[in-house]
Colleague: 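A single structure is presented below for examination.
Please read these numbers as outputs of a predicted model, since none were measured by experiment.
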Amino acid sequence: MAKKSIFTDAFGTPYFLKRLIIFILGVVSYRRFNGFNKLKITGTEHLVDLPDSNVLFVSNHQTYFADVAAMYHAFCSVNNGYLNTIKNPIYLLNPKIDFYYVAAEETMNKGILPKIFKIAGAVTVKRTWRAEGKNVNRMVDMSEVDNIMKALDNGWVATFPQGTTSAFAQGRRGTAKLVKNQRPIVIPIKINGFRRAFDKKGLRVKVTGVKPTMEFKAPLDIDYDNEKAPEILHKIMTAIEQTEDFNLLHHYDEELKAKKLEQKDSDN
């Protein structure tokens with residue numbers, strides 16, 4: 001696996017360029033999280049003693065870019081000794097630069113801003129089940145898996161196991177297989193309120209006065225030798241609260257169906 005140097009990251013991107021982009025994007029996005037809306041961050045104490053590499057953050061997903069931008073703010077803040085707060089943006093002068101995130105290739109190639117985000121640390125992958133709004137069925141590109149492993153070998157990586165911004169979508173098995181093979185420290189992230197505060201891309205403020213939340217949970221306890229990929233995936237999806245057990249609307253619909261069926265039986 002390729003290694004970073006004092007001048008470039010593992011993919012050859014100059015650190016000075018990453019620092020500049022993270023700083024600019026941080027300044028531009030700051031008021032979105034601590035002005036128009038107030039982002040509440042909890043659990044960053046779990047990040048303090050983490051190693052510099054082989055740490056995988058798994059999160060639910062609500063917008064294309066606002067979720068990741070908020071993570072950059074949180075990681076940069078912790079990198080400078082501030083816990084559970086982004087109130088002092090001086091942390092943008094000393095950003096967390098060996099942080100990468102997994103993103104859909106088609107999303108990162110549309111427009112100038114996504115391409116700038118890409119330089120900041122995107123590891124792009126082609127979805128194996130959907131492309132350009134259509135269902136597809138294609139093989140995993142192993143070079144993309146190698147890139148994710150390269151990022152893990154050299155820093156922190158965030159991934160979104162559902163591969164979509166739709167709530168309670170099923171988790172993709174590739175994430176669990178990666179965890180099983182690479183054996184990283186896995187930190188779950190539960191986000192909420194981003195979908196209400198921002199548009200789907202996460203570039204435009206849709207509503208002000210919202211208090212989005214980002215909760216970092218304790219590392220998952222995974223038995224890498226004995227737990228199989230489906231078990232690991234279930235553990236991840238439960239930790240980010242995206243299983244049907246957390247879907248209140250689903251429970252409401254099921255209860256409503258049961259009541260209607262009961263009423264129909266009583267009428268007969």
Side-chain angles (χ1 to χ4, degrees), residues 22 25-26 29-30 32-34 37-89 91-92 94-103 120-123 148 151-152 155-162 165 167-168 171 175-176 178-179 182-198 202 210-222 232-243 246:
I22 293 171
L25 292 177
S29 64
Y30 181 73
R32 297 167 184 264
F33 302 117
N34 198 37
N37 297 295
K38 297 287 186 180
L39 175 64
K40 181 181 179 181
I41 301 174
T42 57
T44 55
E45 61 272 12
H46 297 304
L47 313 184
V48 175
D49 295 321
L50 292 176
D52 292 332
S53 63
N54 209 32
V55 178
L56 182 69
F57 295 87
V58 291
S59 177
N60 62 314
H61 203 19
Q62 294 193 343
T63 71
Y64 292 166
F65 300 111
D67 309 7
V68 173
M71 289 180 193
Y72 269 107
H73 279 283
F75 293 145
C76 292
S77 186
V78 171
N79 194 51
N80 288 271
Y82 304 111
L83 298 182
N84 297 328
T85 181
I86 59 168
K87 289 184 179 179
N88 192 348
Y91 56 72
L92 292 171
N94 181 35
K96 175 73 175 175
I97 50 176
D98 286 314
F99 166 60
Y100 306 90
Y101 60 97
V102 180
V123 180
I148 298 174
L152 278 169
W156 294 359
V157 177
T159 188
F160 305 94
Q162 295 163 290
T165 56
F168 303 105
T175 299
L178 176 69
V179 170
Q182 187 74 5
R183 300 191 173 198
I185 295 173
V186 180
I187 306 289
I189 305 175
K190 172 65 172 66
I191 67 170
N192 195 24
F194 284 73
R195 185 178 288 109
R196 180 166 178 260
F198 307 102
V210 179
K211 295 182 179 180
T213 60
M214 177 171 284
E215 177 187 1
F216 294 87
K217 299 187 178 183
L220 290 182
D221 182 12
I222 300 174
I232 294 174
L233 181 60
H234 180 71
K235 189 171 285 188
I236 288 172
M237 298 304 291
T238 300
I240 65 175
E241 301 181 19
Q242 287 298 296
T243 63
F246 295 96

Colleague: Quick check against the 3.5 Å criterion: does Arg195 have a side-chain atom that pairs as donor or acceptor with the backbone of Thr165?
Modeller: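 Yes; judged by distance alone, with no hydrogens or angles, the pair exists.
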Colleague: Does atom NZ (Lys235) have a neighbourhood of more than 12 heavy atoms from anything else shown, all under 6.0 Å?
Modeller: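 Yes.
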Colleague: Determine the minimum heavy-atom distance between Pro161 and Met237, stating which atoms define it.
Modeller: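 Residues Pro161 and Met237, closest heavy atoms: CB-SD, 4.1 Å.
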Colleague: List the residues meeting side chain to side chain donor-acceptor pair (under 3.5 Å) with Ser29, not counting sequence neighbours, and say none if there are none.
Modeller: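 Side chain to side chain donor-acceptor pair (under 3.5 Å) list for Ser29, sorted by chain: His73.
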Colleague: About how many Å separate CG of Asn54 and CH2 of Trp156, when rounded to the nearest 0.5 Å?
Modeller: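 It comes to 12.5 Å.
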Colleague: May I have all residue pairs that pass side-chain hydrogen bond (donor to acceptor under 3.5 Å, both in side chains) and include part of residues 211-222, sequence neighbours excluded?
Modeller: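 Listed once each, the pairs are Lys217-Glu241.
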Colleague: What is the distance from atom CZ of Phe168 to atom CG of Asn60, rounded to the nearest 0.5 Å?
Modeller: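 The CG atom of Asn60 is 9.0 Å from CZ of Phe168, to the nearest 0.5 Å.
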Colleague: Minimum heavy-atom separation for Gln242 and Phe246, please, with both atom names.
Modeller: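 Looks like N-CD1, 4.2 Å.
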Colleague: Are the side chain of Gln162 and the backbone N or O of Gly171 linked by a donor-acceptor pair below 3.5 Å?
Modeller: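 Judged by distance alone, no pair lies under 3.5 Å.
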Colleague: How many angstroms lie between atom CZ of Arg32 and atom CZ of Phe65, to the nearest 0.5 angstrom?
Modeller: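 Result: 12.0 Å between the selected atoms.
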Colleague: Please report the closest heavy-atom contact between Phe216 and Ile189, naming both atoms and the distance.
Modeller: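 In terms of heavy atoms, the two residues are closest at CE2-CD1, 3.5 Å.
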Colleague: I need the Phe160 CZ to Ile240 CD1 distance, nearest 0.5 Å.
Modeller: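 Here the rounded value is 10.0 Å.
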Colleague: Please round to the nearest 0.5 Å and tell me the distance separating atom CG of Asn79 and atom CG of Leu92.
Modeller: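 Atom-to-atom, Asn79:CG and Leu92:CG are 11.0 Å apart.
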Colleague: Taking all non-hydrogen atoms of both residues into account, name the closest pair between Leu152 and Ser53 and its distance.
Modeller: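 Heavy-atom minimum between the residues: O-CB, 3.5 Å.
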Colleague: Would you mind reporting whether Ile187 and Leu50 have side-chain heavy atoms less than 4.5 Å apart?
Modeller: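 Leu50 vs Ile187: side chains touch.
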Colleague: Side chain to side chain contact (heavy atoms under 4.5 Å, CB included) with Asp98: which residues, sequence neighbours excluded?
Modeller: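 Residues passing side chain to side chain contact (heavy atoms under 4.5 Å, CB included) with Asp98: Lys4, Asp9, Tyr15, Tyr100.
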Colleague: Suppose we screen for salt bridge (charged side-chain N to carboxylate O under 4.0 Å, His left out). Which residues come up paired with Arg183, at least two apart in sequence or across chains?
Modeller: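 Residues passing salt bridge (charged side-chain N to carboxylate O under 4.0 Å, His left out) with Arg183: Asp225.
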Colleague: What residues, two or more places apart in sequence or in another chain, satisfy side chain to side chain contact (heavy atoms under 4.5 Å, CB included) together with Ala158?
Modeller: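 Counting only residues at least two positions away or on another chain, Ala158 forms a side chain to side chain contact (heavy atoms under 4.5 Å, CB included) with Phe57, Met71, Phe99, Tyr101.
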Colleague: With sequence neighbours left out, what residues match Ala66 under side chain to side chain contact (heavy atoms under 4.5 Å, CB included)?
Modeller: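 Counting only residues at least two positions away or on another chain, Ala66 forms a side chain to side chain contact (heavy atoms under 4.5 Å, CB included) with Phe33, Thr63, Phe194, Phe198.
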Colleague: Donor-acceptor pairs under 3.5 Å, side chain of residues 80-88 to any protein atom, not counting sequence neighbours: which ones?
Modeller:
from  : atom 1 : to    : atom 2 : distance (Å)
Asn80 : OD1    : Asn94 : ND2    : 3.1
Asn80 : ND2    : Cys76 : O      : 2.8
Asn80 : ND2    : Tyr91 : O      : 3.3
Asn80 : ND2    : Asn94 : O      : 2.9
Tyr82 : OH     : Asn88 : ND2    : 3.1
Asn84 : OD1    : Gly43 : N      : 3.0
Asn84 : OD1    : Thr44 : N      : 2.9
Asn84 : OD1    : Thr44 : OG1    : 2.8
Asn84 : ND2    : Glu45 : OE1    : 3.3
Thr85 : OG1    : Lys87 : N      : 3.1
Asn88 : OD1    : Ile90 : N      : 3.4

Colleague: For the residue pair Gln62 and Gly193, what are the closest heavy atoms and their distance?
Modeller: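 Looking at all heavy atoms of both residues, the closest pair is OE1-N, 3.4 Å.
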Colleague: Tell me every residue that passes side chain to side chain contact (heavy atoms under 4.5 Å, CB included) with Ala120, counting only those two or more places apart in sequence or in another chain.
Modeller: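 For Ala120 the side chain to side chain contact (heavy atoms under 4.5 Å, CB included) partners, ignoring immediate neighbours, are Ile21, Ile22, Tyr72.
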Colleague: Can you check side chain to side chain contact (heavy atoms under 4.5 Å, CB included) on Val179 and Leu56, steps first, answer last?
Modeller: CA-CA 8 Å; Val179 170; Leu56 182 69; 3.6 Å; yes
Colleague: Among all residues two or more places apart in sequence or in another chain, which pass the side chain to side chain donor-acceptor pair (under 3.5 Å) test with Lys96?
Modeller: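 Lys96 satisfies side chain to side chain donor-acceptor pair (under 3.5 Å) with no residue once adjacent residues are dropped.
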Colleague: Between Val123 and Val157, is any pair of side-chain heavy atoms under 4.5 Å apart?
Modeller: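 The answer is no, as the side chains (C-beta and beyond) never meet within the 4.5 Å cut-off.
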Colleague: Using the salt bridge (charged side-chain N to carboxylate O under 4.0 Å, His left out) criterion, which residues pair with Lys38? Sequence neighbours excluded.
Modeller: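 Lys38 satisfies salt bridge (charged side-chain N to carboxylate O under 4.0 Å, His left out) with no residue once adjacent residues are dropped.
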Colleague: Once you round to the nearest 0.5 Å, how far does OG1 of Thr159 lie from CD1 of Ile236?
Modeller: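 Taking OG1 in Thr159 and CD1 in Ile236, the distance rounds to 9.0 Å.
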